[in-house]
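Below is one structure, written out as structure tokens; comments come after it.
Naming convention: chains lettered A, B, ... in sequence-line order (proteins, then strands); numbering from 1 in each chain.
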Amino acid sequence: DTGVSQNPRHKITKRGQNVTFRCDPISEHNRLYWYRQTLGQGPEFLTYFQNEAQLEKSRLLSDRFSAERPKGSFSTLEIQRTEQGDSAMYLCASSFTGVLYEQYFGPGTRLTVT
Amino acid sequence: AQSVTQLGSHVSVSEGALVLLRCNYSSSVPPYLFWYVQYPNQGLQLLLKYTSAATLVKGINGFEAEFKKSETSFHLTKPSAHMSDAAEYFCAVSDRGNQGGKLIFGQGTELSVKP
């Protein structure tokens, strides 16, 4: 068990650019979650997948955000036309439906939009 | 809608003193409740969870929490603080009717431990 990994750990981009983050969940976990955490706040739910199906999206997830989990393993989160308000820590978590609601978090990707 | 309120954005205790971090929740149905800890530049680590078994839940690193339905509370305690307990602590709730299990977090409490 190597845990949940996220890449890159840090990303600095200019406003208007597109960015993509990757999350590799714990291998046997079939659920994968994305959260966003701004400074001084708790994480906010963005979206989640069960296997390759995206089953829920938060209203926080604007049209500029898209997430995929094409083969039910790793996931990507893309932000198009980044804005300064997108600066945050993006956290990925995974879980297995057999272990009730216990989510394991990755270290996060910190995005800074200049 | 579910929500979580953590009373006190910052708590400071002396090493060896009691740690008490407060969490109140709002939910129309009995929820599942969690405490997570976050060290600087790291992800969140689960400390403990309440899923309707015993109301007093013991977790890692000597922490425990008690679910009190009448007070809608799930406060986190530790009898004796260690310097290594300094971190950000988050209380979270999940609707047991929500099969997806998404977590709703409080704003967090930063714990400082003085020598």
Side-chain angles (χ1 to χ4, degrees), chain A residues 2-10 21 23-26 29-51 53-61 88-110 112, chain B residues 1-10 21-25 27 29-53 57 59-60 74 76 87-110:
Chain A
T2 58
V4 178
S5 62
Q6 293 187 245
N7 288 288
R9 293 292 308 275
H10 303 274
F21 311 140
C23 171
D24 287 87
I26 293 171
H29 285 182
N30 60 346
R31 285 186 177 161
L32 187 148
Y33 305 79
W34 285 99
Y35 294 85
R36 180 172 66 188
Q37 184 180 22
T38 54
L39 202 60
Q41 302 294 318
E44 296 175 297
F45 170 78
L46 293 178
T47 187
Y48 96 94
F49 295 82
Q50 180 156 312
N51 300 313
Q54 188 174 19
L55 296 187
E56 187 174 352
K57 293 197 300 184
S58 165
R59 286 171 289 178
L60 293 174
L61 212 62
M89 176 78 85
Y90 290 84
L91 295 166
C92 176
S94 69
S95 73
F96 178 58
T97 49
V99 178
L100 191 63
Y101 298 144
E102 187 158 338
Q103 296 182 25
Y104 293 83
F105 282 79
T109 294
R110 182 168 294 284
T112 302
Chain B
Q2 292 180 308
S3 66
V4 173
T5 301
Q6 291 185 240
L7 300 177
S9 59
H10 186 264
L21 305 182
R22 300 177 187 273
C23 172
N24 288 87
Y25 68 91
S27 177
V29 298
Y32 295 125
L33 292 159
F34 306 81
W35 276 100
Y36 281 85
V37 61
Q38 186 176 34
Y39 297 99
N41 298 315
Q42 295 187 27
L44 280 72
Q45 180 183 9
L46 181 66
L47 278 176
L48 48 79
K49 64 182 179 183
Y50 167 76
T51 56
S52 78
V57 181
I60 62 172
F74 190 58
L76 182 71
E88 187 92 20
Y89 291 81
F90 293 96
C91 182
V93 64
S94 179
D95 179 357
R96 65 181 59 206
N98 177 350
Q99 296 303 307
K102 70 181 180 186
L103 297 172
I104 308 297
F105 286 88
Q107 291 190 312
T109 298
E110 183 181 359

Most contact-rich option vs chain B, by heavy-atom pairs under 4.5 angstrom, among G42(A), P43(A), G108(A), is P43(A)

Please confirm whether the backbone N or O of L103(B) pairs with a side-chain atom of Y35(A), one donor and one acceptor, at under 3.5 Å?
yes

So which part of E110(B) gets closer than 4.5 Å to some heavy atom of chain A, the side chain, the backbone, both or neither?
neither

Taking all non-hydrogen atoms of both residues, which atom of L91(A) and which atom of G43(B) are closest, and how far apart?
CD2-CA, 4.5 Å

Between CD on residue Q37(A) and CZ on residue F105(B), distance to nearest 0.5 Å:
8.5 Å

Return the NZ to CZ distance between K102(B) and R31(A), rounded to the nearest 0.5 Å.
13.0 Å

Residue part contacting chain B, namely of E44(A), when any heavy atom lies under 4.5 Å
neither

Where does L46(B) contact chain A at under 4.5 Å (heavy atoms): side chain, backbone, both or neither?
side chain

Other residues, nucleotides, ligands: >12 heavy atoms within 6.0 Å of L39(A) CG
no

